[in-house]
Amino acid sequence: MPELPEVETIARGVDERVRGRRIVSVWTGSKPEPFKSAPEKIVEALTGSVIQKVHRVGKHVVIDLTRAAGAEGWQGQWLVHLGMTGRLLVSHPDVAVPLHTHAIAQLDDGREIRFVDPRRFGRLQVLDLSPSRASKKRDGELEEPKRFTGTGQEPLAISPEAFRELFRSRRTPIKSALLNQSLLHGVGNIYADESLYRAGIRPRRHAARLTVRELGALWSALQSVLTEAIALGGSSVSDYVGADGAKGFFQLEHKVYMRTGQPCARCGTPIRRLVLGGRSTHYCPKCQR
DNA sequence: AGGTTGACCTGGACGC
DNA sequence: TGCGTCCAGGTCAACC
């Protein structure tokens with residue numbers, strides 16, 4: 001489910017519910033779980049930590065943690081990538097634990113943060129940001145461990161000029177470039193298709209061949225599509241979205257995504273589907289040039 | 001190096 | 001009812 005607007009919705013929902021709470025214990029499944037950090041490391045980092053803030057970076061939910069251990073204290077970040085089917089739920093302990101739950105963090109008020117992911121494409125990771133972990137650079141300066149800044153540029157923070165620069169030299173279809181998380185992070189299949197439709201650009205056009213004007217239109221389209229989707233709580237395509245199980249409503253605004261054969265809202269031409277970079281891609285052959 | 005493809009998983013929808 | 005096939009919002013590693 002989760003692209004930028006869905007992850008933003010989830011992060012806000014979780015933040016509202018757990019900010020300031022202390023994690024008292026952590027359970028992880030026994031099988032090889034979809035973790036990027038070793039399970040013991042995750043348990044060690046989370047146990048006893050206080051949740052300062054939950055926010056989004058790209059498609060990652062980032063949970064800022066601190067712990068008063070020793071004189072200087074400890075700080076770190078818990079990164080959650082939801083893959084395609086991941087959920088981050090805040091539940092009361094008497095609510096049945098769903099199938100495919102891979103980790104549970106129990107809070108000091110008894111509630112639990114549960115990481116559930118049937119398809120196991122999601123990933124959990126912890127970063128140790130303690131000043132004591134600073135490493136010496138070549139010139140002898142101390143280098144602070146870095147907070148997570150994601151894999152690319154933030155779509156809702158990038159300027160139109162920087163956006164243009166990002167795609168200028170890419171010899172790949174613009175749709176594929178939009179999905180490349182090392183350029184922009186956070187855009188996935190739904191919002192790539194929807195923003196290209198809104199900008200009137202064919203997904204197969206090569207990024208490097210787009211005009212300044214077209215890239216400007218794409219930047220604007222992306223801003224409006226993502227902003228509107230966040231306002232509607234994201235898109236619930238097959239399963240749910242928010243931390244409380246509430247669905248989003250942006251799927252009602254989809255103009256091309258999963259609408260193959262249906263008439264274009266603007267011109268009535270049937271929406272077409274093609275496969276680009278292994279991903280299904282939807283567009284209006286008349287409105288998108 | 002940049003670009004493309006297939007593998008990784010499970011479950012739901014659909015056809016026979 | 002049941003089985004097989006195809007498809008799904010995302011990354012990665014491995015290839016060209």
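Only heavy atoms go into these numbers, but all of them, side chains included; no hydrogens, no water, no symmetry mates. Proteins come first, then strands; the chains are lettered A, B, ... in the order of their sequence lines, and each starts at number 1.
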Query - Selection from C:dA8, C:dG10, C:dC12 that lies nearest to any side-chain heavy atom of A:K36 - result: C:dC12
Pairs: protein N or O with nucleotides 2-5 of chain B N or O, under 3.5 Å:
residue : atom : partner : partner atom : Å
B:dG3   : OP1  : A:R171  : N            : 2.7
B:dG3   : OP2  : A:R170  : NH1          : 2.7
B:dT4   : OP2  : A:T172  : OG1          : 2.6

Query raised in the report: Does A:H100 put a side-chain nitrogen or oxygen below 4.0 Å from OP1 or OP2 of B:dT10?
Result: no
Query - Interatomic distance where CG belongs to A:L124 and P belongs to C:dG10 [whole Å] - result: 18 Å
**Report entry** Interface with DNA chain C, restricted to residues 112-121 of chain A and to heavy atoms under 4.0 Å
**Finding:** A:R119, A:F121
Report task. Could you name each residue pair satisfying side chain to side chain donor-acceptor pair (under 3.5 Å) that touches residues 37-51 of chain A, not counting sequence neighbours? Result -> A:S49-A:R67
Query - Any residue meeting salt bridge (Lys or Arg N to Asp or Glu O under 4.0 Å) with A:R114, in chain and number order, not counting sequence neighbours - result: A:E112
All N/O donor-acceptor pairs, side-chain side in residues 213-225 of chain A, below 3.5 Å, sequence neighbours left out:
residue : atom : partner : partner atom : Å
A:E214  : OE1  : A:R205  : NH2          : 2.9
A:E214  : OE1  : A:T211  : N            : 2.9
A:E214  : OE1  : A:T211  : OG1          : 3.4
A:E214  : OE2  : A:R205  : NH1          : 3.1
A:E214  : OE2  : A:R205  : NH2          : 3.4
A:W219  : NE1  : A:I158  : O            : 3.0
A:S220  : OG   : A:G216  : O            : 3.2
A:Q223  : NE2  : A:P155  : O            : 2.9
A:S224  : OG   : A:R198  : NH1          : 3.0
A:S224  : OG   : A:S220  : O            : 3.3
A:S224  : OG   : A:A221  : O            : 3.1

Could you list the donor-acceptor pairs under 3.5 angstrom formed by side chains in residues 21-29 of chain A, with sequence neighbours left out?
residue : atom : partner : partner atom : Å
A:R21   : NE   : A:D108  : OD1          : 2.6
A:R21   : NH2  : A:D108  : OD1          : 3.4
A:R22   : NH1  : A:G48   : O            : 3.0
A:S25   : OG   : A:Q106  : OE1          : 3.0

Query raised in the report: Cluster partners of A:V95, using ILVMFWY side-chain heavy atoms under 4.5 angstrom, listed by chain and number?
Result: none
Requested in this report: Apply ring-ring contact (aromatic ring centres under 6.0 Å, His included) to A:H55 and list each qualifying residue two or more places apart in sequence or on a separate chain.
Outcome: none
Query raised in the report: Quick one: which of C:dG10, C:dA8, B:dG11 gets closest to the side chain of A:L99?
Result: B:dG11
Report task. Mind checking which stems touch DNA chain B? I mean at least 3 consecutive Watson-Crick or G-U pairs, both distances under 3.5 Å. Result -> B:2-8 with C:10-16, B:10-16 with C:2-8
Query - Distance below 4.0 Å between A:T85 side-chain N/O and C:dA8 OP1 or OP2 - result: no
Query raised in the report: Any salt bridge between A:R12 and A:E8, counting N to O under 4.0 Å?
Result: yes
Query raised in the report: Given a cutoff of under 4.5 Å between side-chain heavy atoms of I, L, V, M, F, W and Y, with clusters grown through shared members, what are the other residues clustered with A:I271?
Result: A:Y197, A:V256
Query - Inter-nucleotide P distance (C:dC3, B:dC9), Å rounded - result: 24 Å
Query raised in the report: Remaining members of A:V62's ILVMFWY cluster at a side-chain heavy-atom cut-off under 4.5 Å?
Result: A:V57, A:L79, A:L127, A:L129, A:F148
Query raised in the report: Taking only residues two or more places apart in sequence or in another chain, which ones pass salt bridge (Lys or Arg N to Asp or Glu O under 4.0 Å) with A:R168?
Result: A:E165
Query raised in the report: Below 4.0 angstrom from OP1 or OP2 of C:dT11, is there any side-chain N or O of A:Q181?
Result: yes
Requested in this report: Would you classify A:Y257 as touching base, sugar-phosphate or nothing, given that sugar-phosphate means primed atoms plus P, OP1 and OP2, and contacts are heavy atoms under 4.0 Å?
Outcome: sugar-phosphate
Requested in this report: State whether A:K175 and A:D193 are salt-bridged, where the test is any N-O pair (Lys NZ or Arg NE/NH1/NH2 against Asp/Glu carboxylate O) under 4.0 Å.
Outcome: yes
